[in-house]
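As structure tokens, the structure follows; a few thoughts come after it.
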Amino acid sequence: MSSQAPDRARVIPLRPPSARPGAPVSAPVPGASRPAAREPLWRDLIGDVLRRERQAQERTLKDVADSARISMPYLSEVERGRKEASSEVLAAAAQALGLSLGDLLTRAQGELIRLAGRHPARSRATPASSYDGLCLAA
């Protein structure tokens with residue numbers, strides 16, 4: 001082995017450079033398409049709203065879980081967006097916080113609109129609709 005050869009291992013990144021924390025951002029390549037921003041998940045939005053409301057009321061997870069008759073670990077998972085809670089669980093959690101299910105969903109919709117405004121996503125569907133409502137399907 002020569003003394004001039006670099007003594008470094010070859011690294012193959014699993015993520016593109018722009019996705020790695022602390023990675024330098026390179027200039028965009030003309031004509032290259034930007035990757036679409038990941039849209040937030042409904043469970044993350046709902047969890048954020050529940051946690052923010054609970055913390056605004058200065059209540060503990062245990063207090064809200066007991067009031068809603070939900071296990072504390074499950075409520076924690078819902079708040080962190082790890083579980084897709086049923087409408088019954090969401091209604092119970094909302095009621096324990098003094099909200100209706102409609103209030104909870106309206107706040108989550110507002111959060112979705114706020115986040116979507118930051119990262120406009122291109123839709124593959126038909127041209128933009130004038131409808132600005134919320135639609136949930138079971």
Side-chain angles (χ1 to χ4, degrees):
M1 182 173 203
S2 79
S3 62
Q4 295 178 353
D7 191 20
R8 296 189 330 201
R10 182 172 158 216
V11 177
I12 302 172
L14 297 177
R15 294 186 213 158
S18 61
R20 290 193 304 266
V25 178
S26 60
V29 177
S33 65
R34 279 182 25 185
R38 183 178 152 273
E39 288 196 48
L41 298 175
W42 188 245
R43 67 177 184 242
D44 291 329
L45 297 170
I46 292 287
D48 288 345
V49 170
L50 287 172
R51 173 169 280 158
R52 226 179 2 259
E53 184 62 30
R54 178 179 61 77
Q55 290 175 339
Q57 294 180 15
E58 298 180 354
R59 294 177 64 187
T60 64
L61 258 175
K62 181 170 179 15
D63 177 41
V64 174
D66 289 347
S67 179
R69 299 178 152 239
I70 303 169
S71 77
M72 190 174 70
Y74 188 75
L75 180 58
S76 174
E77 294 280 299
V78 170
E79 281 190 357
R80 289 184 286 145
R82 303 268 172 100
K83 295 289 183 190
E84 293 273 358
S86 69
S87 58
E88 292 86 359
V89 168
L90 293 178
Q95 187 176 16
L97 292 166
L99 302 172
S100 69
L101 182 58
D103 293 333
L104 175 64
L105 299 180
T106 299
R107 290 179 185 194
Q109 178 193 14
E111 191 67 14
L112 178 61
I113 290 169
R114 185 181 68 77
L115 292 172
R118 281 194 211 159
H119 307 288
R122 291 188 175 182
S123 174
R124 286 183 251 150
T126 57
S129 166
S130 62
Y131 182 72
D132 189 22
L134 174 66
C135 179
L136 295 176

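Rounded to the nearest 0.5 angstrom, Gln109 CD and Ile46 CD1 are separated by 10.5 Å. We find the CZ-CZ distance between Arg52 and Arg107 to be 9.0 Å, quoted to the nearest 0.5 Å. In this structure, Leu112 CG and Asp48 CG are separated by 11.5 Å, a value rounded to the nearest 0.5 Å. To the nearest 0.5 angstrom, Leu99 atom CG is 10.5 Å from Leu105 atom CG.
Contact annotation: the side chain of Gln57 never approaches that of Val64 to less than 4.5 Å [non-hydrogen atoms, C-beta and beyond]. Between Leu45 and Leu115 the shortest side-chain heavy-atom distance falls below 4.5 Å. Contact of the Arg51 side chain with the Arg80 side chain is registered, since non-hydrogen atoms from C-beta on lie closer than 4.5 Å. Looking only at side-chain heavy atoms (C-beta outward), Arg59 and Ser67 come within less than 4.5 Å of each other.
In this structure, the side chain of Arg54 does not engage the main chain of Glu79 through any donor-acceptor pair within 3.5 Å.
Of all the heavy atoms in Tyr74 and Ala85, the pair that sits closest is OH-CA, 3.6 Å. Ala94 and Leu50 get closest at one heavy-atom pair: N-CD2, 4.4 Å. Leu104 approaches Leu90 most closely through the heavy-atom pair CD2-O, 3.9 Å. Contact record, Asp44 with Gly81: OD1-CA, 3.4 Å, taken as the closest heavy-atom pair. Heavy atoms only, all atoms of each residue included: Leu75 and Ala93 are closest at CD1-CB, 4.3 Å.
For Glu77, the CD atom counts as densely surrounded, since its 6.0 Å shell holds more than 12 non-hydrogen atoms of other residues, nucleotides or ligands.
With hydrophobic clusters built from ILVMFWY side chains whose heavy atoms lie under 4.5 angstrom apart, Ile113 does not share a cluster with Leu41.
A salt bridge links Asp66 and Lys62; the closest N-O separation between the charged side-chain nitrogens and carboxylate oxygens is under 4.0 Å.
Counted by atom type alone, Thr106 and Asp103 present zero donor-acceptor pairs between their side chains at under 3.5 Å.
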